[in-house]
Amino acid sequence: MQMQIFDSVRKKKLPFEPIREGEATLYVCGPTVYDDAHLGHARSALSFDLLARTLQALGYRVTYARNFTDIDDKIIKKINETGKSLRELTDYYIARYLEEMEALGVRRPDIEPKATETLDAIEAMITRLLESGCAYRTESGDIYFDTSKDPLYGSISHRVQSEEETQSRLCELKSGEKRHPKDFALWKACAGEEDVCFDAPLGSGRPGWHIECSAMIEKHFCGNDRYTIDIHGGGADLLFPHHENEAAQTRCATGHEIAKYWMHNGFVQIAGEKMSKSLGNSFFLKDALALYPGELLRFYLIGVHYRNDFNFSEEDLAAAKKRLDRLYRLKQRLLPGKAGEADAAFREALLAAMADDLNSSRALAVVDEMITVANEALDEGRADKALRRAWLGNLALVDTVLGVGGSDPYAWFQHGIAPEEKERIEALIAQRNEAKKAKDFARADAIRDELKTLGVALMDTPEGTKWEKL
RNA sequence: GGCGCCAUAGCCAAGUGGUAAGGCACGGGCCUGCAAAGCCCUGAUCCCCGGUUCGAAUCCGGGUGGCGCCUCCA
């Protein structure tokens, strides 16, 4: 099956033709670890988790890297505010990030490079840029990339600067500082006591943000003479200037393009507005995960195509919960039982949706239709062992490709119930069944109402009474 | 100011030239002691105007509305 990818530089869907047959190399811009992750970080991680899973399901050998920016102005600011060490602070947020991503079912990338562990490659790349004249040093000791040296600068974001803008801004530039408004720092000279500096042949200082990704990619991937990696991903806000700058650095330092395809995920919005740290309207994952199962958040978030904006709302989340419940009810009907091979037509439809630029929304519709067909056959008593095994196989495939539906259905419906509470609920259900047996329906209904006030819904089935936490 | 994205039933959301997937909610039905669950049935001509075409939600032009990038940002 042919994977189609929407390339955000060429702005169209293209067949994915990797640098090396049967392999796929992926690099995604990860978080700057100075604060808790929010739903936007989850969206990005989830989008590219789906990409990695899909490519794997299509038979590619995937090498996936996602970085941690662990040296940056904001991190330094926070260190100075809190009195913590750089490592203390960044290790803490990295651990939190990884925990939260795990709760969302995001698989760990193969490579998780940190800026502070890539200084050798960063310095090597800056040195090359200085030697080739693509970078220059200012009086203060900072090193800047000279965007005017790259004729292809702007080709990633399609941004062309107007002459006027360039002229007017140029006048404001102080002498001794950067030469052009679009030039950006590769290396920042040590700014004193409050700064975090590394000793380097370039002079004591620290790397700029953009150079780290280029250096990491060069360090961990080899590519061919035209591209270093197949796919570069990240949030839509990184297209400019971050990715433009990355591309320029790599182009000037190595003579080839950094990536063959670029993919950018849309934003998570709260009440129709972009959620961001600077706007102060962040919905942090730690708060979301305290309220909802990670798997539900995942299911909710992948219900919208990755390139569209996602508007978060509690109502929509509740609807997503009901939709996922349906999957787990089917699974409950099929268990205990062994999963066999997934149905060929189902597999084809699911993978076709995902291979089409990660159409997870369509993939979920395929799953819903499968659930309906299975329930229908089950209702009509024509579900033989082979069918049941295939359906469990389908659900296993959904778990592999989409990362949802892999939990135990009982655990799913009884999320957050304490053992003693569970005992009490089951005792009440036993009493109700006694009453039902004695045809004392008034008492049976009274017990059901009592359970309802505890947030427990009952379902009488041929296999006994099932219950769910609402 | 420059550049870009989006606008589909009450809500969420696929669909990128051939006469509108799926989910939630609503209503009706089957099933059930009654429910719940499950299944069946029921709903939109796709923001507005104009154009291209045998044919457009899908292409082009012009509006209106929302959002984003241009500074750190997933």
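Letters A, B, ... mirror the listed sequences (proteins, then strands); counts begin at 1. Predicted model, so just to flag it, every value in this text is computed and none were measured.
- Comparing B:rC41 with B:rC67, their P atoms are spaced 40 Å from each other, to the whole Å.
- At the heavy-atom level, A:K466 lies nowhere under 4.0 Å from the strands shown.
- Heavy atoms of A:H264 sit nowhere under 4.0 angstrom from any nucleic acid atom.
- Using a 4.0 Å heavy-atom criterion, one finds that A:V268 contacts the bases of the nucleic acid, with or without backbone contacts as well.
- Base contact: A:L458 has a heavy atom under 4.0 Å from a base atom.
- Residue A:K322 is classed as a sugar-phosphate contact, given heavy-atom separations below 4.0 Å to backbone atoms only.
- Here the side chain of A:R448 is nearest to one of B:rG38, B:rC34, B:rC12, namely B:rC34.
- Rounded to whole Å, the separation between the P atoms of B:rG29 and B:rU64 comes to 49 Å.
- In this model, the phosphate group of B:rG22 is not approached by any side-chain N or O of A:R323 to a distance below 4.0 Å at OP1 or OP2.
- A:L428 has its side chain within reach of A:E450: a pair of non-hydrogen atoms, C-beta onward, lies under 4.5 Å apart.
- Spacing of P atoms, B:rA56 relative to B:rG51, comes out at 12 Å, to the nearest Å.
- Comparing the same atom, C1', in B:rU53 and in B:rA57 gives a spacing of 16 Å after rounding to whole Å.
- Atom CD of A:Q431 is surrounded by more than 12 heavy atoms from other residues, nucleotides or ligands within 6.0 Å.
- When each of B:rA35, B:rC39, B:rA36 is scored by its nearest atom to the side-chain atoms of A:D460, the top-ranked nucleotide is B:rA35.
- The cationic group of A:R307 lies under 6.0 Å from the six-membered ring centre of A:F6 and within 45° of the ring axis, placing it in a cation-pi geometry.
- Side-chain atoms of A:Y306 and A:D357 include a donor-acceptor pair closer than 3.5 Å.
- Taking atom P in both B:rG22 and B:rG63, the straight-line distance is 37 Å, to the nearest Å.
- A:D316 comes within 4.0 angstrom of sugar-phosphate atoms only, judged by non-hydrogen atoms across all strands, and of no base.
- Spacing between B:rG61 and B:rC6 at atom P, rounded to whole Å, works out to 14 Å.
- Among the nucleotides B:rA74, B:rG33, B:rU71, the one closest to any side-chain atom of A:K182 is B:rU71.
- Counting all heavy atoms, side chain and backbone alike, A:L98 lies closest to A:R66 at CD2-NH2, 4.0 Å.
- At a threshold of 4.0 angstrom between heavy atoms, the contacts of A:E468 with the nucleic acid are absent.
- Counting only heavy atoms from C-beta on, A:E273 has its side chain closest to B:rG68 among B:rG23, B:rG68, B:rC34.
- Between the side chain of A:R307 and the base of B:rC5 there is no donor-acceptor pair of N/O atoms closer than 3.5 Å.
- Residue contacts for A:A365: at a heavy-atom cut-off of 4.0 Å it reaches a base atom on one of the strands shown.
- Nucleic acid contact for A:G235: sugar-phosphate only, since backbone atoms but no base atoms lie under 4.0 Å from a heavy atom of the residue.
- Nucleotides B:rG23 and B:rG62 have their P atoms positioned 39 Å apart, rounded to a whole Å.
- Cation-pi geometry between A:K274 and A:F267 is satisfied (NZ or CZ under 6.0 Å from the ring centre, within 45° of the ring normal).
- One atom, CG of A:D35, and another, P of B:rC72, lie 18 Å apart when rounded to the nearest Å.
- For A:N359 against B:rG15, a side-chain-to-base donor-acceptor contact under 3.5 Å is absent.
- A:E380 comes within 4.0 angstrom of no nucleic acid atom, judged by non-hydrogen atoms across all strands.
- Remark: A:N311 is not in phosphate contact with B:rA13, judged by side-chain N or O atoms under 4.0 Å from OP1 or OP2.
- The side chain of A:K321 contributes no N or O atom lying less than 4.0 Å from OP1 or OP2 of B:rG23.
- RNA chain B is contacted by both A:H305 and A:A444; A:H305 maps to the nucleotide lying nearer its 5′ end (nearest heavy atom per residue).
- Applying the 4.0 Å criterion to OP1 and OP2 of B:rC69, one finds that A:S157 has every side-chain N and O outside that range.
- Nearest to the side-chain atoms of A:D445 among the listed nucleotides B:rG4, B:rC34, B:rC67 stands B:rC34.
- Residue side chain A:R43 does not reach the base of B:rA74 through any donor-acceptor N/O pair under 3.5 Å, judged by distance alone.
- Applying the 4.0 Å criterion to OP1 and OP2 of B:rA13, one finds that A:N308 has every side-chain N and O outside that range.
- The side chain of A:T372 lies closest to B:rC40, out of B:rG38, B:rA74, B:rC40.
- The nucleotide whose nearest atom lies closest to any side-chain atom of A:R333 is, among B:rC67, B:rG68, B:rG38, B:rG38.
- Comparing atom distances between the A:V304 side chain and each of B:rA36, B:rA14, B:rA74 picks out B:rA14 as nearest.
- If you take atom C1' in B:rU19 and the same atom in B:rC54, they sit 13 Å apart, rounded to whole Å.
- Contact annotation: A:N375 reaches the phosphate of B:rC39 (side-chain N/O to OP1 or OP2, under 4.0 Å).
- No hydrogens or angles were tested; on distance alone, nothing pairs the side chain of A:K274 with the base of B:rC67 as donor and acceptor under 3.5 Å.
- Counting non-hydrogen atoms under 4.0 angstrom, A:F441 reaches a base of the nucleic acid.
- Aromatic ring centres of A:H210 and A:F184: separated by under 6.0 Å.
- The side chain of A:D368 lies closest to B:rG23 when the candidates are B:rC39, B:rC11, B:rG23.
- Per the geometry, CZ belonging to A:R362 stands 9 Å off C1' belonging to B:rG15, to the nearest Å.
- No engagement by A:R66 is indicated, since no non-hydrogen atom pair under 4.0 Å with the nucleic acid exists.
- Remark: A:R206 is not positioned above the aromatic ring of A:F198, lacking an NZ or CZ atom under 6.0 angstrom from the ring centre and at most 45 degrees off the axis.
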**Request:** Apply the test ring-ring contact (aromatic ring centres under 6.0 Å, His included) to residues A:Y300 and A:F312: give CA-CA distance (whole Å), side-chain angles for both, the deciding distance (0.1 Å), then the verdict.
**Result:** CA-CA 9 Å; A:Y300 175 44; A:F312 183 92; 5.5 Å; yes

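- With B:rC70, B:rC67, B:rG4 as the candidates, the nucleotide lying closest to the side chain of A:D309 is B:rC67.
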